[in-house]
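When reading the values below, keep in mind they use all heavy atoms of this one structure, side chains included, and skip hydrogens, waters and symmetry mates.
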Amino acid sequence: MTDYNNQPCAGCGKHFHEGNDIVVCPVCATPQHRECWQAEGHCVNESLHSPDFVWKPRESVQLDDTAESNKKCHICGAENLPDALHCGNCGALLSGESEENSAKEKECRFCGEINPASNRLCSKCGAPLLFENNFFQDNIYMRGVDAPEDEALGSTTVGNAAYFIQNSAKRYIPKFRRIASGGKISFNWAAFLFAPWWFFFRKLYKAGAIILVLMTSITLMTYNYQSQVAEVSQTMAGRFAEIQEQYKDVTDEKLLDEATEKLNAVYTEFVSQVKKPLAVIAAVTFFEHLICGFIANLIYYKRMNQIIDKVKEANAPDEIKKSLIIRAGGVSFISLAAGFFGGELLTSVISYAADLIIRSM
């Protein structure tokens, strides 16, 4: 049986002593005075319940219930040593959270609502109040960006652009600064190599869809060349199979040399027939990707400013606007997958239709 003596109550923070009426949560095993349980109506750590959270007793920790230097956690109420940075019970940040501060009202950093000190969630928007002192105060996406956060970048600022671009801000903001100052359009290697999928990955849905349709349509212009390559490949494969079948049981060295010469002749003929169509197909594909590489950053820059301008018009606190910018920006693997499979489906449908038209002629 667990000995709860000298363990802090998660409700009031006072330590258990012999004879205390203790209630143990059946979900997370958190001990608390019966009056603390009844005051809450449930386990005081109910908001922390998860498969990974289980209350653990402290070992060899002696706290004085009357000591003013002890830190009381503003989340779960447990007392901690004076030099503790995080609560030993729930892990919440204790920096700057003294007994005096924990008794003050809490302002929600998302909607600005003033909440009672006992609230763990905002009573208006439901946002967690765990980080009310520092949350969103520092723009973590500015790390590595060699520009002031308040510098103008088109109709927005470098700081808002960093929230929108997120982890790639260090790479894209210098390019956007050149575009904003009227400099040369920079080249985007990711868009060049992975067009049109890069546009879907960066949530540029409209641009991605337009480029996908254009690239598919342009590719269809080379349909005859593609058909020619396919037919020649099929013919070559058949002739290869015939030669291999003809000489499969041959062991004579001269006959084997003869088979090799025939295979080389078929391969040489194949190369001569597909050289031109493959060159045309490669040139068209390279041109498509080259154009995407040159226009990608400009499209990304303009779309970023459009979205941030719309967010700035919203009647909401600054923290909500930051959240909206972050949500609208970043990347999306789901959109990447949807664009890829949608493109494959579009290509298959158009190719099938073109094949039917050619056969009917």
When you group the ILVMFWY residues by side-chain heavy-atom contacts below 4.5 Å and let the links chain together, are [Y] and [X] in the same group?
X: M236; Y: Y247; result: yes
X: F192; Y: I295; result: no
X: I22; Y: V27; result: no

Quiz prompt | Ring geometry between Y300 and F164 (parallel below 30°, tilted from 30 to 60°, perpendicular above 60°) | solution =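 The rings of F164 and Y300 sit tilted, inter-plane angle from 30° to 60°.
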
Exercise. Over 60° means perpendicular and under 30° means parallel, so classify the ring planes of Y267 and F270, tilted if in between.
Key: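 Plane angle between 30° and 60°, so tilted.
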
Sidechain-backbone polar pair: [X] side chain, [Y] backbone, donor-acceptor under 3.5 Å:
X: Q32; Y: V44; result: yes
X: N188; Y: A296; result: no
X: K321; Y: V311; result: no
X: T222; Y: I218; result: no

Return the minimal non-hydrogen interatomic distance between [X] and [Y], and the atom names on each side.
X: R177; Y: D146; result: NH1-O, 3.2 Å
X: P196; Y: G208; result: CB-O, 4.3 Å
X: Q246; Y: V250; result: O-CG2, 4.4 Å
X: S186; Y: N297; result: OG-ND2, 2.8 Å
X: C292; Y: M215; result: SG-SD, 4.2 Å
X: C28; Y: H49; result: SG-NE2, 3.3 Å

For [X], does the [atom1] atom have more than 12 heavy-atom neighbours from other residues, nucleotides or ligands under 6.0 Å away?
X: F194; atom1: CZ; answer: no
X: Y225; atom1: OH; answer: no
X: Q234; atom1: CD; answer: no
X: K312; atom1: NZ; answer: yes

Quiz item: Can you tell which of K276, E269, K275 makes a side chain to side chain contact (heavy atoms under 4.5 Å, CB included) with Q273?
Solution: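 So, applying the side chain to side chain contact (heavy atoms under 4.5 Å, CB included) to Q273 and each of K276, E269, K275, only E269 qualifies.
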
At what distance, to the nearest 0.5 angstrom, does [atom1] of [X] lie from [atom2] of [Y]?
X: I243; Y: K248; atom1: CD1; atom2: NZ; answer: 15.0 Å
X: F176; Y: L298; atom1: CZ; atom2: CG; answer: 9.0 Å
X: I165; Y: Y301; atom1: CD1; atom2: OH; answer: 11.0 Å
X: K206; Y: R303; atom1: NZ; atom2: CZ; answer: 8.5 Å
X: R327; Y: I307; atom1: CZ; atom2: CD1; answer: 12.5 Å
X: T30; Y: E46; atom1: OG1; atom2: CD; answer: 11.0 Å

Exercise. Could you walk me through whether L204 and I211 pass side chain to side chain contact (heavy atoms under 4.5 Å, CB included), step by step?
Key: CA-CA 11 Å; L204 304 172; I211 292 172; over 6 Å; no

Quiz item: Taking it one step at a time, do S123 and N115 satisfy side-chain hydrogen bond (donor to acceptor under 3.5 Å, both in side chains)?
Solution: CA-CA 7 Å; S123 59; N115 293 265; 3.1 Å; yes

Quiz prompt | Y205/F200 aromatic ring centres below 6.0 Å | solution =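 No, they do not, as the ring centres are separated by 6.0 Å or more.
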
Is any side-chain heavy atom of [X] less than 4.5 Å from a side-chain heavy atom of [Y]?
X: L214; Y: E288; value: no
X: L290; Y: F187; value: yes
X: Q166; Y: I326; value: yes
X: C25; Y: W37; value: yes
X: Y141; Y: N167; value: yes
X: E151; Y: T157; value: no
X: L153; Y: M304; value: yes
X: I325; Y: K322; value: no

Exercise. Mind running side chain to side chain contact (heavy atoms under 4.5 Å, CB included) on R202 and V331 for me, showing each step along the way?
Key: CA-CA 5 Å; R202 282 288 165 185; V331 298; 3.5 Å; yes

Quiz prompt | Test ring pair (Phe, Tyr, Trp, His ring centres under 6.0 Å) applied to F340 and W198, F199, W197, the passing residue | solution =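 Of the listed residues W198, F199, W197, the ring pair (Phe, Tyr, Trp, His ring centres under 6.0 Å) partner of F340 is W197.
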
Exercise. For side chain to side chain contact (heavy atoms under 4.5 Å, CB included), just list the numbers for N139 and Y163, CA-CA rounded to whole Å, side-chain angles, deciding distance to a tenth of an Å, and then say yes or no.
Key: CA-CA 7 Å; N139 188 341; Y163 281 124; 3.4 Å; yes

Quiz item: Is a salt bridge present between D257 and K254, judged by a nitrogen-to-oxygen distance below 4.0 Å?
Solution: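 A salt bridge is absent here (no side-chain N lies under 4.0 Å from a carboxylate O).
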
